[in-house]
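Worksheet for the structure shown next.
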Amino acid sequence: MWQRIQTLYLGIATALMFSMFFCIFATIVGPDGAEVTIAYREKLPYLVLMVMLITAHIAATASFKAFFLQARVSMIAGLLAFGFQIWLGIDMLLNFKEMTFSFTALFPLAAGALDFMAAKRSLVDEMTVQAVKSARRTRKKK
């Protein structure tokens, strides 16, 4: 299972999304200097998206024997990650003056890029397997 590079990509993407459960999204500094932190798990839409992304990454990693299925699930996870990144970006733009945001807000972007790289490698592996099978069939006919 860990012999293919796409499994490593999906593992890193899963670790990035899982680490967001324990990270701070933003910090609000009050007029008296008191700081209030907001975690990703405190906002329900973020929590739902993180659970969906982790589930998609685990499903993609577990389907390592079915290359096309792995590629499709990886693409769906990548689209979800980019959607999550857009949502975070909109929240950042709307609250830019009141909050200081953490660098972890870019994790979905990195996870989405890794997902698409994993999907590409899965498709390349499937095409390679199909080419080898086709070449063997052609040799047997001669």
Side-chain angles (χ1 to χ4, degrees), residues 1-140:
M1 179 168 107
W2 291 100
Q3 299 164 349
R4 297 185 181 94
I5 190 73
Q6 64 263 29
T7 309
L8 178 65
Y9 293 155
L10 290 169
I12 293 170
T14 305
L16 283 174
M17 295 313 300
F18 186 74
S19 70
M20 289 179 73
F21 279 111
F22 309 104
C23 294
I24 302 296
F25 170 60
T27 304
I28 302 171
V29 179
D32 59 346
E35 291 185 359
V36 177
T37 58
I38 301 170
Y40 290 99
R41 64 183 176 274
E42 293 174 5
K43 295 184 95 176
L44 185 63
Y46 294 168
L47 182 64
V48 169
L49 280 168
M50 287 188 304
V51 168
M52 288 172 55
L53 279 164
I54 290 172
T55 304
H57 286 125
I58 290 172
T61 306
S63 62
F64 64 94
K65 289 185 180 180
F67 295 118
F68 276 138
L69 179 62
Q70 186 177 38
R72 288 181 186 134
V73 175
S74 296
M75 284 185 215
I76 290 170
L79 290 173
L80 274 172
F82 286 137
F84 188 23
Q85 185 65 54
I86 290 169
W87 194 321
L88 289 173
I90 290 171
D91 275 355
M92 285 181 191
L93 288 175
L94 294 177
N95 302 310
F96 189 74
K97 295 187 190 239
E98 299 93 29
M99 297 181 179
T100 305
F101 297 96
S102 173
F103 71 95
T104 59
L106 295 176
F107 281 5
L109 183 65
L114 288 166
D115 290 335
F116 281 111
M117 288 173 21
K120 178 187 167 211
R121 288 298 310 167
S122 293
L123 291 174
V124 167
D125 284 353
E126 177 62 27
M127 287 186 279
T128 305
V129 167
Q130 293 300 324
V132 168
K133 285 181 182 178
S134 177
R136 286 182 181 163
R137 275 184 264 149
T138 307
R139 286 184 191 163
K140 286 182 181 180

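Just so you know, these numbers come straight off a predicted model, no measurement behind them.
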Taking only residues two or more places apart in sequence or in another chain, which ones pass side chain to side chain donor-acceptor pair (under 3.5 Å) with Glu126? Gln130
Rounded to the nearest 0.5 Å, what separation is found between the OG1 atom of Thr7 and the CD1 atom of Ile12? 11.0 Å
Just list the side-chain donor-acceptor pairs under 3.5 Å for residues 98-114, sequence neighbours left out, or say none.
| unit_1 | atom_1 | unit_2 | atom_2 | d |
| --- | --- | --- | --- | --- |
| Ser102 | OG | Ile24 | O | 3.4 |
| Ser102 | OG | Thr104 | N | 3.2 |
| Ser102 | OG | Thr104 | OG1 | 3.1 |
| Thr104 | OG1 | Ile24 | O | 3.4 |
| Thr104 | OG1 | Tyr40 | OH | 2.9 |

With sequence neighbours left out, the residues meeting ring-ring contact (aromatic ring centres under 6.0 Å, His included) with Phe96 are none
The criterion is side-chain contact (heavy atoms from CB on, under 4.5 Å); which residues satisfy it with Leu69, sequence neighbours excluded? Ser63, Ala66, Val73
In a table with atom names and distances, give each donor-acceptor pair under 3.5 Å that connects a side chain of residues 52-60 to protein atoms at least two apart or in another chain.
| unit_1 | atom_1 | unit_2 | atom_2 | d |
| --- | --- | --- | --- | --- |
| Thr55 | OG1 | Val51 | O | 2.8 |
| His57 | ND1 | Leu53 | O | 2.9 |
| His57 | NE2 | Asp115 | OD1 | 2.8 |
| His57 | NE2 | Asp115 | OD2 | 2.9 |

Does Phe18 have more than 12 heavy atoms from other residues, nucleotides or ligands lying within 6.0 Å of its CZ? no
Pairwise salt bridge (Lys or Arg N to Asp or Glu O under 4.0 Å) hits with a residue in residues 25-41, at least two apart: none
Who pairs with Leu93 by side-chain contact (heavy atoms from CB on, under 4.5 Å), at least two apart in sequence or on another chain? none
Check residues 117-125 and write down every donor-acceptor pair under 3.5 Å in which the side-chain atom is one partner and the other belongs to a residue at least two apart or another chain.
| unit_1 | atom_1 | unit_2 | atom_2 | d |
| --- | --- | --- | --- | --- |
| Ser122 | OG | Gln70 | OE1 | 3.0 |
| Ser122 | OG | Ala118 | O | 3.1 |
| Asp125 | OD2 | Gln6 | NE2 | 3.0 |

What verdict does the side-chain contact (heavy atoms from CB on, under 4.5 Å) test give for Ile5 and Tyr9, after you've listed the backbone C-alpha separation in whole Å, the side-chain angles of each residue and the deciding distance to 0.1 Å? CA-CA 6 Å; Ile5 190 73; Tyr9 293 155; 3.5 Å; yes
Name all residues meeting the salt bridge (charged side-chain N to carboxylate O under 4.0 Å, His left out) criterion together with Lys43; count only those two or more places apart in sequence or in a different chain, and write none if there are none. Asp91
side-chain contact (heavy atoms from CB on, under 4.5 Å) between Met50 and Phe84, intermediate numbers included: CA-CA 8 Å; Met50 287 188 304; Phe84 188 23; 3.8 Å; yes
Please, which pairs that meet salt bridge (Lys or Arg N to Asp or Glu O under 4.0 Å) have at least one residue in residues 75-87, sequence neighbours excluded? none
